[in-house]
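Below is one structure; the comments refer to it alone.
If you're wondering where the values come from, they're calculated on a predicted model, not measured in any experiment. In this chain, numbering begins with 1 at the start of the sequence shown.
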Amino acid sequence: MGPIELLCIAAAIFLFLYYYSSKNHNYWKNQGVKGPEPMPFLGNIKDILLNRLAPGQMAKILYDKFVNEPMIGIYARSTPILILKDPELIKDVLIKDFNKFADRGLPVHEKLDPLSLNLFNLEPERWRPLRKKLSPVFTSGKLREMFSLLLESSEHFEKYLHKIVHKNEPIECHLLTSKFTTNVIGSCAFGIDINALSDEENDFIRIGKKIFDASLWSSIKRKIRELAPDLFSLLGPLLKDNEIDNFFTSLIKDTMEYRKKNNIIRHDFVDLMRYVIENPDKVDDIEMTDSLVTAQCFVFFAAGFETSSTTMSHALYEIALNPQIQDKLRNEIQQVLSKSDGKLTYDNVKSMKYLHKVFQETLRKYPPATMLQRQVSEKYTFPGTKVTIPKNSKVWIPVFAIQRDPNNYPKPEVFNPERFEDEEVNLRHPMLFLPFGEGPRNCIGARFAVFQTKVGLIKILQNFRVEKCEKTPMTYVINPKAIVLSPQEDIYLKFTELR
């Protein structure tokens with residue numbers, strides 16, 4: 001075969017791929033939905049694929065560009081995706097028509113990635129009965145029962161802080177807060193003294209970092225798994241990380257066997273999973289395999305480890321840059337604790353209104369999940385529009401963009417807890433604040449995350465002043481490779497013991 005024939009074959013293959021990758025690129029135009037012009041082969045996600053932008057950042061750019069549009073049409077390569085801006089349409093998806101949008105549309109690879117069988121990823125058929133069975137662990141009553149364990153971890157944290165602050169060196173906040181959250185989850189969920197504070201080479205900290213690794217290779221693996229599931233199925237054995245799977249499989253198996261052998265009952269997450277396994281008829285027609293059980297324990301650890309620690313880090317960063325907010329918050333903490341002889345209780349944490357506003361404003365400015373995704377289970381027409389999407393279409397809800405929109409939150413770059421005064425909250429549409437999602441598929445561990453974060457912040461501010469230092473990044477740059485919203489540079493702050 002001569003060079004001309006080879007060139008013709010190559011051209012034919014290129015034209016076929018070009019056509020195949022672009023065949024759907026008029027979809028949104030035909031529906032009357034505005035959006036950016038897609039590129040052949042890549043659609044509109046080039047900057048995401050190249051790690052130039054996180055998905056939430058890309059969505060914000062489009063959100064700001066298409067100012068008066070209720071929705072924006074984009075393409076992930078050739079797949080149409082709809083970004084919703086209108087809060088009423090968002091309410092339709094998350095609440096009113098939830099039964100049609102109960103699926104997140106995330107990949108589940110049972111054999112290649114058994115930990116993907118978790119509550120966050122699962123399709124509705126298995127998600128519903130599991131959510132029903134796991135919900136009792138996360139009630140306010142259960143949290144009240146766990147509070148003594150949370151308090152015990154916080155007291156260890158306080159002692160650790162005094163120890164490291166005496167070194168008089170800048171402290172990297174995420175490492176500090178992840179040690180605290182790891183200890184809390186180990187105690188409250190798994191009944192294990194993880195000892196993350198004193199053990200610098202702690203396996204739980206190391207595995208937690210590995211789960212949320214923001215390296216280039218980890219980012220590539222995640223993109224293959226999420227955007228090219230067929231390719232992931234082919235390459236899975238090469239991409240799989242057996243260490244994380246084996247760690248959680250052994251952890252849960254050993255913990256359950258030890259408790260059964262020694263007749264230990266703690267009424268925590270592990271005990272609930274034991275009950276579900278030992279009473280299979282109680283879980284509505286789904287088989288509780290070892291993989292399914294381990295995946296639930298994995299996701300609870302992963303979410304509690306990272307989202308709460310990044311939220312604590314972001315709160316510390318903002319109050320260091322805004323000392324007047326820090327002083328007001330510390331005054332509230334001191335006043336509330338003075339009424340209970342300095343003792344921290346479930347009720348007095350709950351009574352700290354300004355702390356709650358600081359917490360909410362932190363999540364407003366730095367939502368860990370910058371985007372929510374839902375997948376429709378049938379053909380669907382959005383109310384009040386002529387826009388119809390077919391079964392299995394994906395919808396994105398741009399949390400980061402919504403919460404940084406000056407029309408929703410004036411001067412969004414300013415950290416202002418007063419935005420969460422009751423009067424202002426009541427004036428805002430409830431779909432304009434979505435750090436935990438909304439509707440039946442919201443974050444199951446939200447209450448736990450709130451209390452864990454608040455108690456950690458109380459222990460810090462009760463004892464230390466937090467200030468910026470020479471290593472503090474004065475401009476916050478988002479790391480586009482991170483799974484949850486995180487800075488490109490580590491956040492270092494100076495801690496000074498109060499006299």
Is the distance between the ring centroids of [X] and [Y] less than 6.0 Å?
X: Y476; Y: H314; answer: yes
X: Y366; Y: F400; answer: no
X: F204; Y: F247; answer: yes
X: Y27; Y: Y75; answer: no

Side chains of [X] and [Y]: does their closest heavy-atom pair fall under 4.5 Å?
X: L316; Y: S313; value: no
X: L493; Y: I171; value: no
X: V395; Y: I389; value: yes
X: F382; Y: V93; value: yes
X: V293; Y: F298; value: no
X: K46; Y: R52; value: yes
X: L84; Y: P70; value: no
X: V376; Y: N392; value: no

Apply the test salt bridge (Lys or Arg N to Asp or Glu O under 4.0 Å) to residues K260 and E257: give CA-CA distance (whole Å), side-chain angles for both, the deciding distance (0.1 Å), then the verdict.
CA-CA 5 Å; K260 187 173 183 179; E257 286 180 355; over 6 Å; no

[Y] six-ring face occupied by [X] cation (under 6.0 Å, within 45°):
X: R441; Y: F98; answer: no
X: K85; Y: Y63; answer: yes
X: R428; Y: F420; answer: yes
X: R404; Y: Y409; answer: no

Reported [atom1]-to-[atom2] distance for the pair [X] and [Y], which is rounded to 0.5 angstrom:
X: T249; Y: D254; atom1: OG1; atom2: CG; value: 10.0 Å
X: L149; Y: S187; atom1: CG; atom2: OG; value: 4.0 Å
X: I402; Y: H429; atom1: CD1; atom2: NE2; value: 10.5 Å
X: N118; Y: D113; atom1: CG; atom2: CG; value: 8.5 Å
X: D47; Y: I61; atom1: CG; atom2: CD1; value: 7.0 Å
X: T307; Y: L485; atom1: OG1; atom2: CG; value: 12.0 Å

[X] (side chain) donor-acceptor with [Y] (main chain) under 3.5 angstrom:
X: S309; Y: E306; result: yes
X: R419; Y: E361; result: no
X: Q403; Y: R364; result: yes
X: S393; Y: P390; result: yes
X: Q296; Y: L134; result: no
X: E318; Y: F415; result: no
X: S178; Y: L175; result: yes
X: E69; Y: F66; result: no
X: W28; Y: K34; result: no

Could you go through R206 and E243, starting from their C-alpha distance and side-chain angles, then the distance that decides it, and tell me whether this counts as salt bridge (Lys or Arg N to Asp or Glu O under 4.0 Å)?
CA-CA 11 Å; R206 183 176 58 79; E243 185 186 17; 2.5 Å; yes

Considering all heavy atoms, the nearest G304-Q452 contact:
O-NE2, 3.6 Å

Ionic contact status for [Y] with [X], cut-off 4.0 Å:
X: E438; Y: K91; value: no
X: R374; Y: D103; value: no
X: R126; Y: E123; value: yes
X: E378; Y: K391; value: no

Only pairs at least two apart or in different chains count here, so list each salt bridge (charged side-chain N to carboxylate O under 4.0 Å, His left out) that has a residue in residues 138-149.
K142-E145, R144-D347

Looking at K210, I want to see if its NZ is surrounded by more than 12 non-hydrogen atoms of other residues, nucleotides or ligands under 6.0 Å.
yes

No-hydrogen, no-angle side-chain donor-acceptor test under 3.5 Å, T362 and T311
no

Hey, mind stepping through F300 and F138 against ring-ring contact (aromatic ring centres under 6.0 Å, His included) and telling me if it holds?
CA-CA 11 Å; F300 184 53; F138 301 99; 5.2 Å; yes

Take H356 and K350, measure what side-chain hydrogen bond (donor to acceptor under 3.5 Å, both in side chains) needs, and give me the verdict at the end.
CA-CA 8 Å; H356 190 60; K350 200 170 181 180; over 6 Å; no

Among all residues two or more places apart in sequence or in another chain, which pass the side-chain contact (heavy atoms from CB on, under 4.5 Å) test with N479?
A214, K481, A482, Q488

